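Notes for the one structure printed next.
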2 protein chains.
Amino acid sequence: MTEPKRRGPRQAEAERNDRALLRAARQVLADDGAHATVAAIAAAAGVGIGSLYRRYRTKEELFQRLAELSLDSWNQAAERGLAEDDPWEGLASFIVACVEFGQGSLAPIAGTIKVTKEMQAKSDHSDELLAALVARAHEARVLRPDVTVVDISLLIEQFGRSPALDQLRKQGREDLLEAAADAHRRVLAIAVDGLRACHPRPLPGGPPTDRLFTERWTHETG
Amino acid sequence: MTEPKRRGPRQAEAERNDRALLRAARQVLADDGAHATVAAIAAAAGVGIGSLYRRYRTKEELFQRLAELSLDSWNQAAERGLAEDDPWEGLASFIVACVEFGQGSLAPIAGTIKVTKEMQAKSDHSDELLAALVARAHEARVLRPDVTVVDISLLIEQFGRSPALDQLRKQGREDLLEAAADAHRRVLAIAVDGLRACHPRPLPGGPPTDRLFTERWTHETG
DNA sequence: ATACAACCGGAGTAATTCGCTCCGCAAGTT
DNA sequence: AACTTGCGGAGCGAATTACTCCGGTTGTAT
């Protein structure tokens with residue numbers, strides 16, 4: 001067993017709280033961007049501030065953990081995509097999955113995340129997976145030929161947050177949240193269709209540099 | 001003459017400053033979202049805070065003016081689009097123009113804007129113009145049939161800000177700004193191509209309500 | 001030159017906000 | 001009942017914010 005022993009009587013509650021905190025952090029980050037507060041995160045999780053700081057020594061440590069989990073989710077989505085038979089469906093479902101679990105909520109805090117060696121390894125792996133998804137779609141001639149992995153990554157990031165959904169949530173208009181989420185998925189579907197190989201005109205500008213991604217995170221030397 | 005007399009010796013500088021302030025406000029809003037500070041706006045305009053407050057009594061008054069000007073830009077872009085002969089190019093160039101001048105920078109402060117009667121009239125007009133653009137594209141069978149005006153509006157809003165560009169600007173990476181802007185235009189071109197009538201599969205979900213737009217602004221009774 | 005008017009810049013202020021600590025209390029276990 | 005473990009949130013110091021106020025600067029008139 002990996003964790004053979006419960007160390008305290010209220011360990012189960014602690015684990016539930018931890019999951020709730022991570023869920024809430026993603027949510028609040030999506031809503032409020034870079035200036036999400038710990039009070040808001042704790043409140044959204046239905047947990048006291050004290051409980052947050054017992055598990056994470058600082059706000060940054062929580063965000064760090066969130067970034068790591070997001071990388072895992074990204075990789076799982078990519079592997080599910082590769083497992084699909086149809087190359088197009090594999091790529092499209094990967095994109096939708098990444099947008100769905102809120103990959104884009106990390107963008108506002110990307111500059112504050114320290115990339116550990118472990119995360120770097122996961123990131124390299126995710127690059128390979130995405131490259132494989134794109135290569136397979138190219139070979140099947142279902143993806144327009146001048147689309148690169150950077151284009152896909154930027155598309156996912158672009159749809160990671162929904163301005164309309166953010167504002168409605170901040171205004172407490174619960175009645176429109178569902179409609180806004182549906183509409184967001186609709187617009188994403190439009191954009192994904194724009195990736196199909198049925199468009200004769202080449203895309204404007206040259207292929208984008210991957211420096212747009214590699215140089216936006218601060219790396220650890222140790 | 002509408003403005004026959006200069007009232008003071010430094011009037012020209014004052015007008016330059018006003019234009020710089022509005023430009024800077026759009027920029028900073030795009031970068032920092034809802035918590036853009038007056039100090040940042042004044043600094044970006046190369047102007048003292050005092051000069052900002054001589055022209056606008058409060059921060060909100062500046063944002064209000066910005067919203068009004070944005071509506072004008074929107075309408076001008078729509079009229080240029082209608083003036084084009086090709087229905088598709090008209091619609092596409094309208095979308096690109098709206099994204100380009102930073103229409104989306106207003107999304108984070110949409111909830112704080114008071115819509116005056118004058119603005120309401122301009123807004124109604126813009127609705128008609130966009131409806132005309134979409135109807136013309138539908139009649140020419142160049143726009144996929146289940147796309148609505150709300151879809152177009154949401155698409156414009158979605159691309160109004162670029163997460164990558166925002167972060168790079170905040171990090172001061174001037175060397176990558178151009179590349180990021182190019183990449184952003186590329187991804188937008190992909191999404192716009194997704195609107196073309198060459199995609200057989202219908203979009204997911206029903207047509208979105210326009211309540212997603214009408215109910216997000218606070219209206220004035222007077 | 002001198003006096004004056006118009007406008008500029010930004011240090012200072014009061015109020016708010018934020019990350020984080022600390023401690024009294026409740027829930028299990030024995 | 002005694003004890004252990006984890007919970008919640010009031011409160012603190014530091015940082016940030018919108019806005020005011022006034023000494024300085026620029027351009028015009030005499």
Side-chain angles (χ1 to χ4, degrees), chain A residues 3-25 27-29 31-67 108-109 111-114 170, chain B residues 3-25 27-29 31-67 108-109 111-114 170:
Chain A
E3 277 292 334
K5 185 155 171 243
R6 297 297 167 96
R7 290 185 317 236
R10 300 183 64 184
Q11 190 80 12
E13 186 179 0
E15 286 176 12
R16 268 202 321 270
N17 282 349
D18 192 26
R19 271 191 294 273
L21 274 173
L22 289 166
R23 268 181 55 90
Q27 177 81 271
V28 174
L29 265 181
D31 286 359
D32 302 341
H35 67 303
T37 67
V38 289
I41 294 172
V47 160
I49 300 177
S51 299
L52 192 160
Y53 277 98
R54 201 162 308 105
R55 240 160 295 286
Y56 304 97
R57 280 180 307 185
T58 66
K59 187 192 187 189
E60 271 70 37
E61 198 173 300
L62 169 60
F63 288 168
Q64 195 100 7
R65 178 102 181 94
L66 206 60
I109 57 164
T112 73
I113 300 288
K114 297 257 184 300
K170 218 170 299 181
Chain B
E3 277 293 331
K5 185 156 170 247
R6 295 298 167 93
R7 289 184 318 235
R10 302 183 64 182
Q11 190 79 14
E13 185 179 359
E15 286 176 13
R16 268 203 320 271
N17 283 349
D18 192 27
R19 270 193 295 272
L21 273 174
L22 289 167
R23 269 181 55 89
Q27 177 82 271
V28 175
L29 265 181
D31 286 359
D32 301 340
H35 68 303
T37 68
V38 288
I41 293 173
V47 160
I49 298 177
S51 299
L52 193 160
Y53 277 97
R54 200 163 310 105
R55 240 159 297 285
Y56 303 97
R57 282 181 305 183
T58 68
K59 189 193 186 187
E60 271 71 36
E61 197 172 304
L62 169 61
F63 287 167
Q64 195 100 7
R65 178 102 181 92
L66 205 60
I109 57 164
T112 74
I113 300 287
K114 297 260 185 298
K170 217 169 299 181

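Here is the naming used below: chain letters follow the sequence lines, and residue numbers restart at 1 for every chain. Given the structure is predicted, the values throughout are model-derived calculations rather than measurements.
Rounding to whole angstrom units, CG of residue A:Asp32 and C1' of C:dT17 are separated by 14 Å. One interatomic measurement links the two molecules: CZ of A:Arg16 to C1' of C:dG28, which rounds to 13 Å at whole-angstrom precision. The distance between atom NE2 of A:His35 and atom C1' of C:dG19, rounded to the nearest whole Å, is 15 Å. Nucleotide D:dT26 holds its P atom 9 Å from the CD atom of B:Glu13, rounded to whole Å. A straight line from CG of B:Asp18 to P of C:dC8 spans 10 Å, rounded to a whole angstrom. Atom NZ of B:Lys59 is separated from atom P of D:dT20 by 14 Å (rounded to the nearest Å). Between the C1' atom of C:dC18 and the CZ atom of A:Phe63 lies a distance of 12 Å, rounded to the nearest Å. The distance from atom CD1 of A:Ile41 to atom C1' of D:dG8 is 17 Å, rounded to the nearest whole Å.
Annotation: side chain of B:Leu62 is in contact with side chain of B:Leu22 (closest heavy-atom distance under 4.5 Å). Counting heavy atoms from C-beta outward, B:Leu52 and B:Asn17 have side chains that stay 4.5 Å or more apart. Side-chain contact between B:Phe63 and B:Thr58: absent, with no pair of heavy atoms (C-beta onward) separated by less than 4.5 Å. Using a 4.5 Å cut-off on side-chain heavy atoms (C-beta onward), B:Ile109 and B:Leu66 make no contact.
Pairs passing the side-chain hydrogen bond (donor to acceptor under 3.5 Å, both in side chains) check and including a residue from residues 45-54 of chain A, sequence neighbours excluded, do not occur.
Checking C:dC7, D:dC19, C:dG19 against the side-chain heavy atoms of B:Tyr53 singles out D:dC19 as nearest. Side-chain proximity of B:Asn17 to D:dT20, C:dG19, C:dC8: nearest is C:dC8.
No contact: A:Ala40 has no heavy atom under 4.0 Å from any strand. At the heavy-atom level, B:Arg55 lies under 4.0 Å from the strands shown only through sugar-phosphate atoms.
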Tabulated below should be each protein N or O lying under 3.5 Å from an N or O of nucleotides 10-12 of chain C; please produce it.
{"residue": "C:dG10", "atom": "N7", "partner": "B:Ile49", "partner atom": "N", "Å": "3.4"}
{"residue": "C:dG10", "atom": "N7", "partner": "B:Gly50", "partner atom": "N", "Å": "3.2"}
{"residue": "C:dG10", "atom": "O6", "partner": "B:Gly50", "partner atom": "N", "Å": "3.1"}

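Distance alone, capped at 3.5 Å, is enough to place a donor-acceptor pair between the A:Lys59 side chain and the A:Ala36 backbone.
Within a 6.0 Å radius of CZ in B:Arg23, no more than 12 heavy atoms belonging to other residues, nucleotides or ligands are found.
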